[in-house]
Amino acid sequence: MKKVITYGTYDLLHQGHINLLRRAKALGDYLIVGVTNDNFDRERGKLNVKNNVLERVEAVKATGLADKIIIEDYVGQKIDDIQKYDIDIFTVGSDWVGKFDYLNEFCQVVYLPRTEGISSTMLREEQDDEVRLGIVGAGRIARRFPKEASVVSALKLAGVFDIDQPKAQRLADTQQMERSYDSFEQLVDDVDAVYIATPHLCHYEQALYALEHKKHVLCETPLVLKGQQARELFRVAEANNVVLLEANKTAFCPAFNHLTTMIKSGLIGEVVDIEASESKVWGDPTLRELDPKQAGGSFYELGSYPLLPIFKLMGTDVQNLNIYARMENGVDIYSKGVMRFEKAVCSFKLGLGVKTEGNLVISGTKGYAYVPAPWWKTDYFELRYEDQNKNKKFFYSWDGEGLRYEIQEFISCIYNKRLSSAKLRPKESIAMAEIMEQFGKRTNFMEI
């Protein structure tokens, strides 16, 4: 049996792609198609890819031409794949003539003619009506947003609103945005989407208003602090056919997504325990993050990050939760939570005044995953086993502040008319809000 392999991004799958796959299929008896993953595309500077890797894999699968689909993760993988799958022919479009001649050492290289007059780039240019986005809040996180947004295609920053108008004006001026707005309502009226980076207690009303006015919403984490509010926001988003996404940057970064995929595939066996920690020492009690009137404290400020891997890997059916907290001036400077699931126990430690090792450990029946501090913006993790010779290390890129990952996913959802993202599902955001609510009600809570 003659085996053929080809690779591509397959963004906005079109007739040119299909023609190329047919020509590749005709070269042999068995066709393997490699689809580039999102991180690999970013590393190659392809930040304008509209479909995420799952959508692109499904599109290739739907053609019925691929006998096997694999993910291309890294430079040099082509040689590994050719040897692994005993490939006879490597093929790619004629616009790459000469680029892959080095593979002739391993198999026959064939360059196929492209279909004239159509490409993903042309389709993106035709479709690219820019998404006009307004920033709500001009604080520390919001000031990072414009630079991160600048690397995402089809996004136009229309302006910013903050109750401190001079602060909004300074941000608009330094980032060369069109304007600062005098009112939140005025900004919402003038844009297609909003990024909400205001204090936690403002999120619900601002997100609800924007969604009711049919605007897409990217809202900083935690989305809200009550389960019912989260359910209501997602209900309104669906009713108005707009995207609501919680801006938890870890959920959308390459390393975390690859980690969860590997764990779910069973590489460390059945997960029985997850430990996640995050802490900062902030000595200034005047900071908003330590203000009890603004929902300050370590749990509200940091809790959504350790809850993320727990809910992604264990689901949202929490059977029991106990929280222990060290309180000072009305806020928790340290909290530890223990969560029981049907077949696992998970825990988290959070500090805003207590320092601890900020790592992530996922324990399984065959091995464990170790992600060193700061795990929530990791570019590296390990899978470790009883036989240390089987240990594996994985390296990825973490670009900029990391906000570009959530921004790109948000814009992708808008363009592809996906009301939610598999990387952070509505039920997971709702579950986080429900845990926040339990903390607020001091349910199963013990002060230490």
Side-chain angles (χ1 to χ4, degrees), residues 1-128 153 254 257-258 261 395-397 408 412 415-416:
M1 181 170 63
K2 185 178 290 187
K3 293 183 179 179
V4 181
I5 195 166
T6 188
Y7 296 82
T9 303
Y10 303 103
D11 190 34
L12 299 174
L13 192 83
H14 51 73
Q15 191 60 46
H17 290 135
I18 296 171
N19 292 345
L20 199 64
L21 290 173
R22 283 176 177 158
R23 292 166 187 151
K25 180 85 167 179
L27 293 174
D29 307 299
Y30 190 87
L31 176 63
I32 300 175
V33 179
V35 179
T36 57
N37 75 19
D38 298 330
N39 185 46
F40 189 48
D41 285 325
R42 292 187 188 101
E43 289 177 346
R44 297 186 302 155
K46 299 187 74 170
L47 296 171
N48 60 347
V49 174
K50 292 293 185 61
N51 300 132
N52 65 37
V53 65
L54 297 178
E55 293 166 336
R56 292 183 279 117
V57 166
E58 287 302 313
V60 172
K61 185 183 297 184
T63 67
L65 295 169
D67 295 292
K68 183 179 183 65
I69 300 174
I70 61 175
I71 304 298
E72 185 177 20
D73 287 312
Y74 57 90
V75 175
Q77 183 177 330
K78 291 179 176 67
I79 293 176
D80 292 342
D81 288 342
I82 288 169
Q83 295 178 323
K84 177 180 179 180
Y85 296 109
D86 193 22
I87 297 299
D88 299 290
I89 298 174
F90 167 88
T91 186
V92 71
S94 56
D95 48 336
W96 293 98
V97 168
K99 175 71 173 179
F100 296 104
D101 286 354
Y102 70 94
L103 294 176
N104 276 310
E105 179 182 345
F106 305 94
C107 67
Q108 181 184 357
V109 176
V110 176
Y111 297 100
L112 294 171
R114 291 279 190 181
T115 302
E116 296 294 330
I118 187 169
S119 70
S120 296
T121 300
M122 292 169 57
L123 291 175
R124 281 192 291 267
E125 289 174 351
E126 291 173 2
Q127 294 183 8
D128 273 356
S153 62
N257 278 280
H258 289 181
T261 299
F395 298 88
Y396 304 85
S397 66
Q408 184 180 47
S412 175
Y415 268 102
N416 294 296

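If you read the sequence from its start, that first residue is 1, and numbering goes on from there.
Side-chain N or O atoms of T91 include none that pairs as donor or acceptor with a backbone N or O of A24 at under 3.5 Å. Judged purely by atom type and a 3.5 angstrom limit, T63 uses its side chain to pair as donor or acceptor with the backbone of L65. The backbone N or O of N257 lies less than 3.5 Å from a partner atom in the side chain of T261, making a donor-acceptor pair.
Taking the side chain as every heavy atom from C-beta outward, V53 and I71 approach each other to under 4.5 Å. Residues H17 and L20 are not in side-chain contact: their nearest non-hydrogen atoms beyond the backbone lie 4.5 Å or more apart. Between I5 and I70 the shortest side-chain heavy-atom distance falls below 4.5 Å. Side chains of L27 and Q108 form no contact here, defined as non-hydrogen atoms less than 4.5 Å apart.
Put simply, the residue from V33, I69, V35 that forms a side-chain contact (heavy atoms from CB on, under 4.5 Å) with K61 is I69.
With sequence neighbours left out, the salt bridge (charged side-chain N to carboxylate O under 4.0 Å, His left out) criterion links D67 to K25.
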Identify every side-chain donor-acceptor pair in residues 79-90 under 3.5 Å, counting partners at least two apart or on other chains, and give the distances.
{"residue": "D80", "atom": "OD2", "partner": "Y74", "partner atom": "OH", "Å": "2.7"}
{"residue": "D81", "atom": "OD2", "partner": "Y7", "partner atom": "OH", "Å": "2.8"}
{"residue": "D81", "atom": "OD2", "partner": "Q77", "partner atom": "NE2", "Å": "3.1"}
{"residue": "D88", "atom": "OD2", "partner": "K3", "partner atom": "N", "Å": "2.7"}

Donor-acceptor contacts under 3.5 Å from residues 100-107 side chains, at least two apart:
{"residue": "D101", "atom": "OD1", "partner": "Y111", "partner atom": "OH", "Å": "2.8"}
{"residue": "N104", "atom": "OD1", "partner": "V109", "partner atom": "N", "Å": "3.3"}
{"residue": "N104", "atom": "ND2", "partner": "D101", "partner atom": "O", "Å": "3.2"}

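We find the OG1-CG distance between T36 and D73 to be 10.0 Å, quoted to the nearest 0.5 Å. Rounded to the nearest 0.5 angstrom, T9 OG1 and E72 CD are separated by 8.5 Å.
Nearest heavy atom pair, residue S94 against residue P113, reads OG-CA, 3.7 Å.
Electrostatic pairing of D95 and R114 counts as a salt bridge here, judged by a charged N lying under 4.0 Å from a carboxylate O.
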